[in-house]
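Convention: sequence-line order gives letters A, B, ...; per-chain numbering from 1.
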Amino acid sequence: MFPHDLFSGAPDESVPPSAAAPLGVPPSSPLLAGLNPEQLAAVTLPNGHALILAGAGSGKTRVLTTRIAWLLQNGHATPGGILAVTFTNKAAKEMVARLTAMLPVNVRGMWIGTFHGLCNRLLRAHHKAAGLPQAFQILDTQDQLSAIKRLCKQFNVDEERFPPKQLAYFIAGCKEEGMRPGDVPAHDADGRKKIELYQLYEEQCQREGVVDFGELMLRSYELLRDNDPIREHYQRRFRHILVDEFQDTNRLQYLWLKQIAGDEVAGRLQSHASVMAVGDDDQSIYAFRGARVGNMADFVREFDVQHQIKLEQNYRSYSNILDSANHLIGHNSRRLGKNLRTTQGAGEPVRVYEASSDLAEAQWMVDEIKQLVRSDGFERKEIAVLYRSNAQSRVIESALFNASVPYRVYGGLRFFERAEIKHALAYLRLLENPNDDTSFLRVVNFPPRGIGARSIEVLQDAARAAGCSLHDAVSAVPGKAGTNFKAFVAMIDVLREQTEGQSLRGIIEQMLESSGLVEHFRTEKEGADRIENLQELVNAAESFVTQEGFGRDAVALPLDEHGQPLTQSVPTQSPVSQGLDPNAPVLDEPLKPTNPTTPAGIIDSDTGETLSPLVAFLTHAALEAGDNQAQAGQDAVQLMTVHASKGLEFDGVFIGGLEEGLFPHDNSSGDRDGLEEERRLMYVAITRARKRLYLSHSQTRMLHGQTRYNVKSRFFDELPEECLKWITPKQQGFGSYAPNSGAGGAYGSSARAQFGFKSETFASPPVPPQKAAPSHGLRAGIAVFHTKFGEGKVLAIEGTGDDARAQVNFPRHGTKWLALSVAKLTVVD
DNA sequence: TCCAGCCACTTTTTT
DNA sequence: AGTGGCTGGA
């Protein structure tokens, strides 16, 4: 499926580094020192589109940042001509940080950010052309869901048949594909209904002046597509476009890139820009949320990519770890093909442990961690425990806790997602945009003001009848309810007037007071934490103001595309207008002089548009949900999901729960694509480790309050035996893998053959603790036959006697729970 | 209107 | 097991 012309190894065939490096810049330039030939080739590529296939730990970020620095240093680009896109704020920040360390460069002139952050920037700058209010608010996933629920209620949608969550997923999916309601094909009545609701949802968002994450992308894509002057301006401006983690882009993001890179003429992309896409197909683990690895192949074809470079030299791990990763990922088909190599030695073998229970597994991890810290001099923060799903963390946490080993869990609620913070933000949003009904509903009765569901319904009816927002409809509600509403609205309106011209900190403090939020939590039992968080919000705002430079260079000069201040040449005009018809109706009005008596807002360096500090802060809160835990920097063991570990590295890594059904996960192992993504996930997990890698699985595991008996993961069979060291203590009773092997013989040779049990190395008997052996003779992992569903594989057994149930995966019918007293299951030999 | 108790759900997640 | 959402009683 993918062209095999990716040259591996030496890059000199297609891209001689010497030819790429311009005269006067010897490879010995300090910037380029220490780069290997492939990295050097990538950094010094001549103009043209390029795909860099960067394996794990191959110095990808270094290449990206050095490339930018090199372009700037050698006059191939000006700061204003560079666009660098990442997926996470963290990656964007890191890029900026490394760049500033490399070069004394005006980073502000460059566009470096996440897809969503850059889209936000575009839409704020051209809000009129995009059909949005300048202060539009961004809905996060929670907000989006509650907006959909509200919509469903309003239109009496059967929430059983159309679960709001699923609708949210549907809408996000459509937008990721670049489809408006009119573009979505309808297959049946349900499909038509969903499309109708999508349409209604869009109308609601538009009415309320809010935009969800998908909309941010889609709207700015359309802005570029439909506005020739705007598109041409940016096409002319960005001469070098760099995309990080390209394998994670979805279809819309790819279309967006194409739009900004150039126009398609007669099927060929005419581009002034050079696009450098950096990615690793083997680390694509976000297909489940719309990422399309196929974008890499499309990119090569549609951009007619001339330069492809593989970075296969790994600077992270010992070869036992690396060989394991390579061997595993080799089981995937449809790869671009890449093999990591290292010059480091073999290192320690990968240790594998089989535990009898999840508790025992956790205890083993804790013991090993203590050992690593005490005897091998590992720092705790350099040790990570990775797991497939969040539910697994609890056991490990409690084991670490009991052993007094400091640890830190990633994941869970982030700062700006906490309920009390969301409430506070809702008040702030109402100050900027009274029409934001989502925010209105969130706080109209919080703290309680005696406004109940009935009153709210009346208000919603009134608003619908008048075709206005809830805020504007309050006077239409009669009686006591109306009085309550008016009081609420008056409070907001007064607050808005009071805080006019105040500092961000002042606004928030005033809001916390007037809204009664702090007061409310003071009386609540566990309100102390919440008040603390609200105080933290004030701090966050404070540091946001300083960081964004409100005080420092509040009146930042708009820069032209060379990163130079624009004031001398075009003092009153937005640089967007440069080279365009200044009166073009699609463009927003030129720079307004900032009123010196009002606090300065963020000035977009491109258009000179002023954004109020509050809007800027709210945007920041929506786009950057913040850290989930404050105590960073402490020397603590790191606990996180494999997904969360991407891009990180540790001296020691534990991967637990390597069991069929968990890793690979049940819900993914159905189809081949799903299984391949699970394998890539495992690949990512393995390649996080620098020095030591530990793998483990457990025979039993408490999951959702039920004990499950799991078969070890098939991934063990895909690792090279010579790199592994099984450290499970051998029991006497050599080879007696199956307990009670007489009982029905259900888990005899067939199960063993199917999953490749290695009885010699792997001999501890999995006697289920405190549980008698099942009488039905079924066991997870064996093949069974059902009269209706055909042949399937037992994934798990639950309960005993008449209550016993088996979870069976049938290739044709999916995974089912069957009561053994009812279902006719026979064991297949 | 508010609160308590019951029910259903549970892969991964960034923006 | 734990959580979040919803219903029904006070």
Are A/L517 and A/F446 side-chain neighbours, meaning at least one heavy-atom pair lies under 4.5 Å? yes

Check A/Y198 against A/F170 and note the closest heavy-atom contact, atom names and distance. CB-CE2, 4.2 Å

Which part of the nucleic acid does A/Y286 contact within heavy-atom distance under 4.0 Å: base, sugar-phosphate only, or nothing? sugar-phosphate

If you compare every side-chain N and O of A/N390 against the phosphate oxygens of B/dT10 (OP1, OP2), does one of them come in below 4.0 Å? no

When we call it a touch if two heavy atoms are under 4.0 Å apart, what does A/D140 touch: a base, just sugar-phosphate, or nothing? nothing

Would you indicate what A/A622 reaches in the nucleic acid, counting non-hydrogen atoms under 4.0 angstrom: base, sugar-phosphate, or nothing? nothing

Whole Å only: how far is the NZ atom of A/K149 from the P atom of C/dG4? 12 Å

Counting side-chain heavy atoms from CB outward, which of B/dT15, B/dT11, C/dG2 is closest to A/H665? B/dT11

Measure CG/A/D358 against P/C/dA1 and give the value in whole Å, please. 13 Å

Starting at atom CZ of A/F416, determine the distance to atom C1' of B/dT15, rounded to an integer number of angstrom. 14 Å

side-chain contact (heavy atoms from CB on, under 4.5 Å) between A/V474 and A/L459: does it pass, once the steps are laid out? CA-CA 7 Å; A/V474 291; A/L459 178 65; 4.0 Å; yes

When you measure from the side chain of A/N667, which nucleotide among B/dT11, B/dT13, B/dT10 comes out closest? B/dT11

B/dT14, OP1 or OP2 - any side-chain N/O from A/N250 closer than 4.0 Å? no

Take the protein atom CD of A/E245 and the nucleotide atom P of B/dT14, then report the distance between them rounded to whole Å. 13 Å

Taking every heavy atom of A/E432 against every heavy atom of A/A135, the minimum-distance pair comes out as OE1-CB, 3.9 Å

Return yes if a side-chain donor-acceptor contact under 3.5 Å exists between A/N250 and A/Y286, otherwise no. no

Side chain of A/T641 only, heavy atoms from C-beta on: which candidate in B/dT13, B/dT11, B/dT10 is closest? B/dT13

Sugar-phosphate, base or nothing in reach of A/D212, heavy atoms under 4.0 Å: nothing

What nucleotide, of B/dC2, B/dT12, B/dT15, holds the atom closest to the side chain of A/P448? B/dC2

Under 3.5 Å, is there any donor-acceptor pair linking the side chain of A/T114 to the base of B/dT14? no

Give one of base, sugar-phosphate or nothing for A/F288, where a contact means two heavy atoms less than 4.0 Å apart. base

In terms of the nearest nucleotide of DNA chain B, which residue is placed more toward the 5' end: A/R454 or A/A644? A/R454

Any side-chain N or O of A/R414 below 4.0 angstrom from OP1/OP2 of B/dT15? yes

Using a 4.0 Å heavy-atom cut-off, does A/N120 contact any base of the nucleic acid, only the sugar-phosphate backbone, or nothing at all? nothing

So is the aromatic ring of A/H643 stacked onto the base of B/dT12, judging by whether the centres are under 5.5 Å apart and the planes are under 30° apart? no

Between B/dC2, B/dT12, B/dT15, which nucleotide gets closest to the side-chain atoms of A/N445? B/dC2

Do the non-hydrogen side-chain atoms of A/I138 and A/F213 ever get within less than 4.5 Å of each other? yes

In whole angstrom, give the distance that lies between atom CZ of A/R679 and atom C1' of B/dT12. 17 Å

Residue closer to the 5' end of DNA chain B, A/I285 versus A/E624 (nearest nucleotide): A/I285

Minimum heavy-atom separation for A/L223 and A/A130, please, with both atom names. CD1-N, 3.8 Å

Determine the contact category for A/L681: base if any of its heavy atoms lies under 4.0 Å from a base atom, sugar-phosphate if only primed atoms, P, OP1 or OP2 are that close, otherwise nothing. nothing

Over how many whole Å does the gap from A/K646 atom NZ to B/dT15 atom P extend? 12 Å

With heavy atoms under 4.0 Å as the rule, sort A/S455 into base, sugar-phosphate or nothing. sugar-phosphate

In whole Å, I'd like the distance from the NE2 atom of A/H116 to the P atom of B/dT13. 17 Å

Please tell me which of the listed nucleotides, B/dT14, B/dT12, B/dT15, lies nearest to the side chain of A/L623? B/dT15

Rounded interatomic separation in angstrom, taking CD1 from A/I138 and P from B/dT14: 17 Å

